[in-house]
Amino acid sequence: KREAFLSTYTAIDSNFKDIYGRLTRGWGKLVLEMPEDPFAGGLTFEVHPQDKDVRRLNMMSGGEKSLVTLAFIFSIQRHMPAPFYGLDEVDMHLDGSNVEGIAHMIRSLSETSQFIAISLRKPMIQGADRIIGVTIRPDKSTLVTGVKCNA
Amino acid sequence: KREAFLSTYTAIDSNFKDIYGRLTRGWGKLVLEMPEDPFAGGLTFEVHPQDKDVRRLNMMSGGEKSLVTLAFIFSIQRHMPAPFYGLDEVDMHLDGSNVEGIAHMIRSLSETSQFIAISLRKPMIQGADRIIGVTIRPDKSTLVTGVKCNA
Amino acid sequence: MHITLLEIDNFKSFGRKTKIPLETGFTVISGPNGSGKSNILDSILFALGITSARGLRAERLTDLINTGSNKNTAEVHVSFSDGTRITRRIKRTANGYYSYNYLNGRLCKQGDVLAFLANHGIKPQGYNIVMQGDVARIMEMSDFERRKIIDEIA
Amino acid sequence: MHITLLEIDNFKSFGRKTKIPLETGFTVISGPNGSGKSNILDSILFALGITSARGLRAERLTDLINTGSNKNTAEVHVSFSDGTRITRRIKRTANGYYSYNYLNGRLCKQGDVLAFLANHGIKPQGYNIVMQGDVARIMEMSDFERRKIIDEIA
Ligand SMILES: Nc1ncnc2c1ncn2[C@@H]1O[C@H](COP(=O)(O)OP(=O)(O)OP(=O)(O)O)[C@@H](O)[C@H]1O
Ligand SMILES: Nc1ncnc2c1ncn2[C@@H]1O[C@H](COP(=O)(O)OP(=O)(O)OP(=O)(O)O)[C@@H](O)[C@H]1O
Ligand SMILES: [Mg+2]
Ligand SMILES: [Mg+2]
């Protein structure tokens, strides 16, 4: 059981180092509180967003925390490949430049998997291959409007 | 004690009806679970965002819930006037048109009180009287750049 | 493999039968608050049976039936690029509901659908669908809960 | 009344003494993630003494001293339009810290500062400062906790 945990952990950690490094001008890794006995402790991150000093997760800014978490999610997804991915407003806390970075990463991942992302942010919408518009009809039912092709 | 609660509740409810009505093409009000004995129950909302049917708060969309909550906060602020207000990224879940609505409301409230709002969203930035830019220096310390005057 | 078509009928805010063709690559869905974007993702989760009613922001499955129309059923079809078409239908009854699962038009058990999906890497405890608020939830977790995420995957 | 000037020295990410003049009306602060925007609001809360260290995302007050420089003090001055200037300074010591409060340059107790603020409608349990994540927190509250908000105001 410990073996299974550690091999999964190592794989996701290695994904995280790559993905987090690409999303931010910095680097980071996963950290086990109790490496000897993982189940006795928790899992946290040691990250250097934009090459800053390491700080506890709760001392980081909202956007920095969100980027770490998103990189963690992407690391798990890379470990368990699926034919399609759905992302609902994952760019909420990010500034425009970080949204672009996420859109860029999704774009390259989407060469091998189908990605459907819901977003209200311009850089995400602009990074996609196509846009599906969703609005409300006067009778309050959902209207899905034509698919716009991007770029 | 019950008197004090009910008079505060009534004042904030009346603020909420006005503010929520202005922020959304719809209407709403506060609801006490136990009007006879307020302290035995909770406080929830009965809202019709964009004239839709009433739904429980947890069945509404992220943006709709956020707008209800923001209207609630503004209702409390109107009840306890202060010389200045600080808002940190309150527009996170809102679509562009709702961000404009919030910016518009803050603009009119700011005629009598000082408002300092942190935001990453264009419609909020465009609705302000001036912009203070914040960036990071190469040594990782904060740099506050000139104040741009708007409009 | 990818999803080629979504057909959503009387599910949540989809009062009128709606067809959404989907392609490979990177598709973005956008529109005003409350228009039905998250409901599209909910319809996929509902059809594939990989979330409970609570995960779809409903207290019971019958909440998923559109309230604007007077019908008592809601139906979602998900078609994949390998030709498979998965359907799920709920029907409100006097004292509850029925839930029907179909593989390529033939009535089947929910387990059959889950088995098909598992063969293609789609599991209920997977992270291929990140719902609105999941990032904030994982961000605010205790270190212990976060490690448990790895436990479940291993 | 309004805030006319913020002076932030060695507090959180403000490694260099920074002056921020403020005016009436509607001011927006923007910039990249992690640049220090929320820290500006934190500096006001710190100087006015209306939040604990935890409300400023610090485990103890000494975490608020800039880590980039080698100084052991952090200082914030808030000037108001009626001429009042409130200052708060923390100084790291061998086994903790000292916290100093000043009204118009003269050493005073934190209670004096809070009394001045209360006269102008600024209270620690007030809602005039909405921090990052407060909307989401209140949104996800139970109905009971939400009613307690009214209790505290009444
Ligand atoms: N059974 C139902 N019948 C009719 N409408 C429903 C039903 N269930 C949910 N809705 C409506 O669907 C809307 C929510 O849709 P959804 O969550 O998809 O919005 P969204 O586009 O994701 O918005 P946001 O950008 O705010 O997240 C709500 O207004 C809700 O009232
Ligand atoms: N004592 C300290 N010394 C130096 N830097 C610090 C200190 N405390 C916090 N910081 C840094 O301040 C930064 C956070 O600033 P802040 O929360 O103001 O960002 P922000 O501009 O609000 O970002 P966001 O848009 O993501 O919310 C973090 O990168 C953190 O490392
Ligand atoms: Mg949504
Ligand atoms: Mg911030």
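In what follows, every chain begins at residue 1, and chains take the letters A, B, ... in the order their sequences are listed. What's counted below: heavy atoms across the whole structure, side chains too, no hydrogens, waters or symmetry copies. Keep in mind the model is a prediction, meaning the values are calculated, not measured.
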A:K122 atom NZ: more than 12 heavy-atom contacts under 6.0 Å: no
Heavy-atom side-chain contact between A:D88 and C:V130 under 4.5 Å: no
CD on C:E23 to CG on A:D129, rounded to 0.5 Å: 9.0 Å
Interface moiety of C:I40 toward chain A, non-hydrogen atoms closer than 4.5 Å: side chain
Proximity breakdown for C:I138 and chain A, heavy-atom pairs closer than 4.5 Å: both
Most chain A-contacting option - heavy-atom pairs closer than 4.5 Å, from C:K123, C:M1, C:E145: C:M1
Shortest non-hydrogen contact between C:F144 and A:F39, atoms and distance: CZ-O, 3.7 Å
Shortest non-hydrogen contact between A:Q77 and C:Y127, atoms and distance: NE2-O, 2.9 Å
Close side-chain approach of A:R130 and C:F26, heavy atoms under 4.5 Å: no
Chain C contact via A:I118 - which portion, at a heavy-atom distance below 4.5 Å: both
Engaged part of C:E140 at the chain A interface, taking heavy atoms whose separation is under 4.5 Å: side chain
Side chain / backbone / both / neither for C:I8 at chain A, heavy atoms under 4.5 Å: neither
Polar side-chain atom of C:S30 near backbone of A:G133 as donor-acceptor pair, under 3.5 Å: no
Chain A contacts, top residue of C:G25, C:G36, C:G31 (heavy-atom pairs, under 4.5 Å): C:G25
Value rounded to 0.5 Å, distance of CZ in A:F84 from OG1 in C:T4: 11.5 Å
C:T18 versus chain A, the contacting section by heavy-atom distance below 4.5 Å: side chain
Contact summary for A:A82 and C:G121, nearest pair of heavy atoms: CB-O, 3.8 Å
Winner by heavy-atom pair count (cut-off under 4.5 Å) against chain C, out of A:T145, A:V134, A:T8: A:V134
More than 12 heavy atoms of other groups within 6.0 Å of A:R22 CZ: yes
Nearest heavy-atom neighbours spanning C:S35 and A:T142: O-OG1, 2.7 Å
Considering all heavy atoms, the nearest C:R16-A:D139 contact: NH2-OD2, 3.2 Å
Step-by-step side-chain contact (heavy atoms from CB on, under 4.5 Å) determination, C:S13 to A:K140: CA-CA 8 Å; C:S13 59; A:K140 313 302 168 215; over 6 Å; no
Largest heavy-atom contact set with chain C, pairs under 4.5 Å, which of A:R121, A:M80, A:E3, A:Q114: A:Q114
Verdict with reasoning, A:V144 to C:F14, per side-chain contact (heavy atoms from CB on, under 4.5 Å): CA-CA 9 Å; A:V144 177; C:F14 287 82; 3.9 Å; yes
Spacing of CZ belonging to A:R56 relative to CG belonging to C:D143, to within rounding of 0.5 Å: 11.0 Å
NZ (A:K17) with more than 12 external heavy atoms under 6.0 Å: yes
Within 6.0 angstrom of C:F80 CZ, more than 12 heavy atoms from elsewhere: yes
Side chain / backbone / both / neither for C:L41 at chain A, heavy atoms under 4.5 Å: side chain
Most chain C-contacting option - heavy-atom pairs closer than 4.5 Å, from A:V31, A:L109, A:I106: A:I106
Close side-chain approach of C:V135 to A:M92, heavy-atom, < 4.5 Å: no
Top contributor to chain C contacts, counting heavy-atom pairs under 4.5 Å, from A:P38, A:A117, A:G62, A:S141: A:A117
Greater than 12 external heavy atoms within 6.0 Å of C:K19's NZ: no
Value rounded to 0.5 Å, distance of CE in C:M141 from OG1 in A:T69: 9.5 Å
Residue among A:I12, A:L6, A:L87, A:N58 with most heavy-atom pairs under 4.5 Å to chain C: A:L87
Validation row: A:I116, C:V28 side chains within 4.5 angstrom (heavy atoms): no
A:K1 with C:D151: basic N within carboxylate O range, under 4.0 Å: no
Closest-packed option against chain C by number of heavy-atom pairs under 4.5 Å, given A:L30, A:T135, A:T112, A:L57: A:T135
Interface residue of largest heavy-atom contact number with chain A, from C:R146, C:H2, C:K148, under 4.5 Å: C:R146
Gap separating the CD1 atom of C:I129 from the OH atom of A:Y85, nearest 0.5 angstrom: 11.0 Å
Heavy-atom contact with chain A under 4.5 Å, split by part of C:I149: side chain
Residue part contacting chain C, namely of A:E111, when any heavy atom lies under 4.5 Å: neither
Minimum side-chain heavy-atom gap C:K37-A:L120 below 4.5 Å: yes
Heavy-atom closest pair, residues C:A154 and A:A4: CB-O, 3.6 Å
Part of C:M131 within contact of chain A (heavy atom distance under 4.5 Å): backbone
Part of A:A11 lying under 4.5 Å from any heavy atom of chain C: neither
A:K29, NZ: over 12 other non-hydrogen atoms inside 6.0 angstrom: no
Residue pair A:Y9, C:R147: steps toward the side-chain contact (heavy atoms from CB on, under 4.5 Å) verdict: CA-CA 9 Å; A:Y9 172 80; C:R147 196 221 66 233; over 6 Å; no
Min side-chain heavy-atom separation C:T27-A:F115 under 4.5 Å: no
